[in-house]
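Convention: sequence-line order gives letters A, B, ...; per-chain numbering from 1. What you see is a predicted model, and the numbers here were worked out from it, not measured in a lab.
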Amino acid sequence: EAGVTQFPSHSVIEKGQTVTLRCDPISGHDNLYWYRRVMGKEIKFLLHFVKESKQDESGMPNNRFLAERTGGTYSTLKVQPAELEDSGVYFCASSQGSSFSYEQYFGPGTRLTVT
Amino acid sequence: GQSLEQPSEVTAVEGAIVQINCTYQTSGFYGLSWYQQHDGGAPTFLSYNALDGLEETGRFSSFLSRSDSYGYLLLQELQMKDSASYFCAVGAFSGGYNKLIFGAGTRLAVHP
């Protein structure tokens, strides 16, 4: 069974540009989560999808971040326009069942650097 | 607010035992999870404690004391491959939703 995949693995962009991160969850996992880790600090929750619906987006930093999950399969996280403080590692995770789970399967992350 | 504290770094030798502590302050607490992350890799689920006591899974054990808002991960018979970052994460009901709230991670270095 394939794990959670994320693309790209690394992205370097200039301040003001747009970047789109993609996450493919484990097949059949209805729950999909986005997290961010900045500069060795804690892994911070961004949002949670159940199928194509945003269940909880309380962790999204501001309206420069837009997450979508059309069709309830893969998800994208767009940052537009990017700022320096958006640099960090963005993780995606997925889990089984119809609601939140403490056992989540993470992808390897996308390292975003904004210069 | 919600907060978790765990040591930033721990060093140990092969074959030894190491304990990584985690204290938390959170409302809506319902359990404590541990995740392992090797450099450049994906965080991987290790354990979950919803009730007080010790849960053992092979060389790894996890403990929770809800009354003390404290837990730990115990790694026995350390191997070089155990060198990684270990995150405690509180499962909590916060802001109307269930979520995982992570600590900053403990970097474990295992030496020969």
With a 4.5 angstrom heavy-atom cut-off, is it the side chain or the backbone of A:Arg37 that approaches chain B, or both, or neither?
side chain
So which atom in A:Gly107 and which in B:Ala42 form the shortest heavy-atom distance, rounded to 0.1 Å?
O-CB, 3.1 Å
Which of these, A:Lys51, A:Gln104, A:His48, sits in a side-chain hydrogen bond (donor to acceptor under 3.5 Å, both in side chains) with A:Asn31?
A:His48
Okay, A:Tyr35 and chain B: the region with an atom under 4.5 Å from a heavy atom over there is side chain
Side chain from CB out, backbone as N, CA, C, O: work out which of these in A:Phe106 comes under 4.5 Å of a heavy atom of chain B, or both, or neither.
both
Contact class of A:Gln6 relative to chain B, heavy atoms under 4.5 angstrom:
neither
Check the orientation of A:Tyr105 and A:His29. Use parallel for under 30°, tilted for 30 to 60°, and perpendicular for over 60°.
tilted
Specify whether B:Tyr86 and B:Phe60 have parallel, tilted or perpendicular ring planes, treating 30° as the upper limit for parallel and 60° as the lower limit for perpendicular.
perpendicular
Who among B:Gly96, B:Gly41, B:Gly91 has the most heavy-atom pairs with chain A under 4.5 Å?
B:Gly41
Which atoms of B:Gln37 come close to chain A, meaning under 4.5 Å heavy atom to heavy atom: side chain ones, backbone ones, both, or neither?
side chain
Hey, does the Lys NZ or Arg CZ of A:Arg69 hover above the aromatic six-ring of A:Tyr74, less than 6.0 Å from the centre and inside 45° of the axis?
no
Heavy-atom distances under 4.5 Å only: say whether A:Phe91 touches chain B with side chain, backbone, both or neither.
side chain
Would you say that B:Phe87 contacts A:Ile43 through its side chain, given a criterion of any heavy-atom pair below 4.5 Å between the two side chains?
yes
